[in-house]
Amino acid sequence: MALCFFSQAVVCRPLLSSSPAVKVVVFKAKAKTAAAAVAPPPHQLQVSRSSSGHRQKKQTRIGASGFISLYSSRRLSLAAANKEQILPRGETWSVHKFGGTCVGNWERIQNVAKIIVEDPSPHKVAVVSAMSKVTDMMYDLLNKAQSRDDSYVAALEMIRQKHHETAIALLDDDDDHHDLSNFLSVLESDIQNLQAMLRAIYIAGHATETFEDWVAGHGELWSAQMLASAVRKRGLPCVWMDAREVLVVHPTNKQQVDPDYQASGERLDKWYEKHPSDTIIVTGFIASTPENIPTTLKRDGSDFSAAIMGALFLAKKVTIWTDVDGVYSADPRKVSEAVVLKTLSYQEAWEMSYFGANVLHPRTTMPVMRYNIPITIRNVFNVGAPGTVIGRSSLPDLAEEAEPVPYNSTDSLVKGFATIDNIALVNVEGTGMVGVPGTASEIFEAVKGVGANVVMISQASSEHSVCFAVPEKEADTVYRSLMSKFRKELEAGRLSNVEVVKNCSILAAVGQRMASTPGVSATLFTALAKANINVRAIAQGCSEYNITVVVRQEDSIRALKAVHSRFYLSKTPLAVGLVGPGLIGKTLLDQLKDQVATLKNEFNIDLRVMGIMDSKTMCLDQLGLDLSKWRKLLAEKGEAADSAKFTAHVKDNHFIPNTVIIDCTASAKVADNYFQWLSKGIHIITPNKRANSGPFGEYVRLRALQRRSYTHYFYEATVGAGLPIISTLRGLLETGDRIQKIEGIFSGTLSYIFNNFDGSKSFSQIVTEAKAAGFTEPDPRDDLSGMDVARKVIILAREAGLHLELDEIPIQSLVPKPLRELTTAEEFLDKLPEYDQEMEAQQADADAAGQVLCYVGVVDVLANEGRVELQRYPKSHAFAQLSGSDNIIGFTTRRYLKQPLIVRGPGAGAEVTAAGVFSDLLRLASYLGAPS
């Protein structure tokens, strides 16, 4: 064994094949040619496909030599006559690629061998990566050796032991141990060579890129040999190929190589003459330069290897086996509802992979594109899943063996979404840039000079500013470079500012058919706006395959969820926080519990109650509370109520873009939070009348904030419980009608009391029965005082355009003055019979006149006033026809002048009020994108 080290002027080239001893060949470094990948050789002709996806023969001019047609039967017969082993390129070949996870242990290697054997294709190529984590372990060896860390020795032994144990478990039960003994012999030889190389690197404290590539590629050599043995063990003859003997590449920089298809094709022909086989196991990741120096295809190189092999063999298809069912419409770790896409075009795959989706490296598709060879992404652990087909087009007919994909707006427009985090925006602006040629060139020359990668560029047509995105870790370096480059321009005022905005993320929507389709951008930006997400920069190429936006990083997942759900790729998610689990609140929670599954499965609405809070306790959950146990959870796992913490928990949930707080209290203190909730982009739904009947200035301020934002504030239940009073009034106003008067029985409690007050029972007795039946507040004086009706009158008056304060409404209270200051409701009910006589006299007078008593609220728009009073109506009047706790409201308008528009129905009780709140919740979901 001989080892030599030289300066950069020489290259040490290990042998490509394994051998018992290391031979280090020393030679002068040849000048690298600037040759890029050259055109395919004559045996690699361009092939087109018909619209059905089948290849058609196409003649291609190769250099100055005439036309050559695709392999014909005549050439095959000639080859047979000459008894040469000519590689039969064409659609009889299928190429498979198995990643490290697929061959992570001996059981998985057996599974891969089974897949290869069961593939019905006449000819098969399987490109295989190193076992899971082995490539990382090899690079770790190199790092330790270069750092003169002795632990590289033990680490190498772990790698040897891993492969030794895997080979024995995989092959030892075979009667013929030939493959096992051969592999173990090769393994031991390779380990000795690695020990020698690493020791030399340890001594020198440095390794050239060539040495690194030679060391790193051993994992593929070992996994390919073990897989080939496992396939033969299943009865299918096969050989394995060291790709360094065939695949020739030209390194262009440290992170990229260009395949030389002509040289590789010629070497493949020669290799096949020596090793003819219908099944070939090929090492991924590794290759060689034209000078036969070992190199690699860099990270994700095994996928690239498979695509190159597909092109070299002119295969029918390339299948990339991984650990997921295919390409998802979004990262499933961020969007749990992400779906597997059945088809993608090459261009869509490029776009999604560039923006961080786990698809393919863009270069992987380049070799197969020239022959229209489809790539299928499949799950090695779920062979029954059809996977995602990537090819010429993403139309449904691409997947020839898959079921047809029904067309709809989702599948035909936006295929998926991807994000890149840890991005910084750099903005260069100034009037001196306008109309000055070369400014943008100088900016990006400065960026290039520090080796930064520009991820996205956005420039206004005014040329006043140039905005671009770079990885956040490179932002400071870029900033210093620009400040140095444009120091004079900044001092002279020709440039006004160089600004860096950190903590950003890029969100991209990708779809081939987005091009020239109106409304896609509008839908995207509407979804972001409704989720209260601000867009900082926008970019879209003229190809329109993607729309790219920059958002705050903390909004990244919410933005992704918002746009994903808006395009009907998933449910419309809604984070719900409920304040006040009292009579109405607990009824609403029970209604949600009964309907949440139906809403999700049938209506695409995913409601998640993230928190419940009462005056003393709250219970929070990151994923959503189990509504079948909410009472138990609140009692056993509740913590001290904290409004700020509750709000932050519900709002700052990065996995759900839309947030709503439902206030089921009657508390003015809770209502005081509405402004800050709306400011944070939180929607509000409430039956609480306090905010809309409070000081007029605060009401105007609240409504103005709601109108100028994309937040919604629904309060239908404040007036009519489950009745559509507010929406009816708005409908009249929005269609141009003019309100003259609104009059009605607004209190279900007082409706019940006076509907039963017919002289057969005393007034106090009916009040007591109403409280026992749950129709009144805990203290009936809250209903009898008329204040609740007055608040409803104020709400309707303000909706109708009147500027009234609550204290401007005259209220006829039904609580006798001496009883208003009593401490408890029980005392009030005990003393109320003393005042029955007065009420009974009014009832008797009304009855004698053919009338009934009704407690009504009136909004007189023409008189610019409102009032609450006990009125008498003829028994023929609509208000006299009520029963139970029904409410009734009449709208007298310009259109409904002779006969008012009447809305009538149940107006009291927890069930109908909760149903009114629930209805508002579903209306909000519809506005946010759920199907209506």
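No hydrogens, no waters, no symmetry mates; every other heavy atom, side chains included, goes into these values. These numbers come from a predicted model, not from an experiment.
Listed by chain and residue number, His123, Phe313 satisfy the ring pair (Phe, Tyr, Trp, His ring centres under 6.0 Å) test with Trp93 (two or more places apart in sequence, or in another chain). For the side-chain hydrogen bond (donor to acceptor under 3.5 Å, both in side chains) test, no residue two or more places apart in sequence or in another chain qualifies with Asn532. Not a single salt bridge (Lys or Arg N to Asp or Glu O under 4.0 Å) links Asp325 to another residue, sequence neighbours left out. Residues forming a side-chain hydrogen bond (donor to acceptor under 3.5 Å, both in side chains) with Asp594 (at least two apart in sequence, or on another chain): none. With sequence neighbours excluded, the residues forming a side chain to side chain contact (heavy atoms under 4.5 Å, CB included) with Met456 are Ser458, Ala469, Ile506, Ala537, Ala539, Thr548, Val550, listed by chain and number. For Arg923, the side-chain hydrogen bond (donor to acceptor under 3.5 Å, both in side chains) partners two or more places apart in sequence, or in a different chain, are Asp920. Not a single salt bridge (Lys or Arg N to Asp or Glu O under 4.0 Å) links Arg108 to another residue, sequence neighbours left out. By the side chain to side chain contact (heavy atoms under 4.5 Å, CB included) test, Glu107 pairs with Asn105, sequence neighbours left out. Judged as a side chain to side chain contact (heavy atoms under 4.5 Å, CB included), and not counting sequence neighbours, the contacts of Ala529 are Tyr710. Applying the side-chain hydrogen bond (donor to acceptor under 3.5 Å, both in side chains) rule to Trp240 yields no partners; only residues at least two apart in sequence or on another chain are considered. Residues passing the side chain to side chain contact (heavy atoms under 4.5 Å, CB included) test with Ala130, sequence neighbours excluded: Val134, Thr135, Glu220.
If you check the side chains of Lys334 and Thr419, you find a donor sitting under 3.5 Å from an acceptor.
Between the side chain of Ser305 and the main chain of Phe285, a donor-acceptor pair closer than 3.5 Å is present. Not one N or O on the side chain of Ser94 forms a donor-acceptor pair closer than 3.5 Å with the backbone of Ser121. In this structure, the side chain of His712 does not engage the main chain of Leu924 through any donor-acceptor pair within 3.5 Å. Judged purely by atom type and a 3.5 angstrom limit, Gln553 has no side-chain atom pairing as donor or acceptor with the backbone of Asp421. In this structure a side-chain-to-backbone donor-acceptor pair under 3.5 Å is present from Asn601 to Ala597. Side chain of Lys233 to main chain of Leu170: a donor-acceptor pair is present (N/O by atom type, distance under 3.5 Å, no hydrogens or angles).
Comment: Asp136 does not engage Lys133 in a salt bridge, judged by the lack of any side-chain N to carboxylate O separation of less than 4.0 angstrom.
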Stepwise side chain to side chain donor-acceptor pair (under 3.5 Å) check, Asp258 with Thr252: CA-CA 7 Å; Asp258 288 336; Thr252 56; 4.8 Å; no
Worked check of side chain to side chain contact (heavy atoms under 4.5 Å, CB included) between Asn111 and Val380: CA-CA 8 Å; Asn111 182 52; Val380 73; 3.6 Å; yes
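The nearest pair of heavy atoms linking Ser521 to Ile547 is OG-CD1, 3.2 Å.
Applying the salt bridge (Lys or Arg N to Asp or Glu O under 4.0 Å) test to pairs two or more places apart or on separate chains, those with a residue in residues 116-128 are Lys114-Glu118.
Rounded to the nearest 0.5 angstrom, Arg552 CZ and Ile533 CD1 are separated by 9.0 Å. Residue Glu351 holds its CD atom at 9.0 Å from OG of Ser345, rounded to the nearest 0.5 Å. The distance from the CD atom of Gln347 to the CD1 atom of Ile390 is 11.5 Å, given to the nearest 0.5 Å. Note that CG of Leu528 is 9.0 Å distant from OG1 of Thr526, once rounded to the nearest 0.5 Å.
Put simply, the side chain of Val128 reaches to within 4.5 Å of the side chain of Ile281, judged on heavy atoms.
By the 6.0 Å and 45° rule, Arg370 stacks over the aromatic ring of Tyr261.
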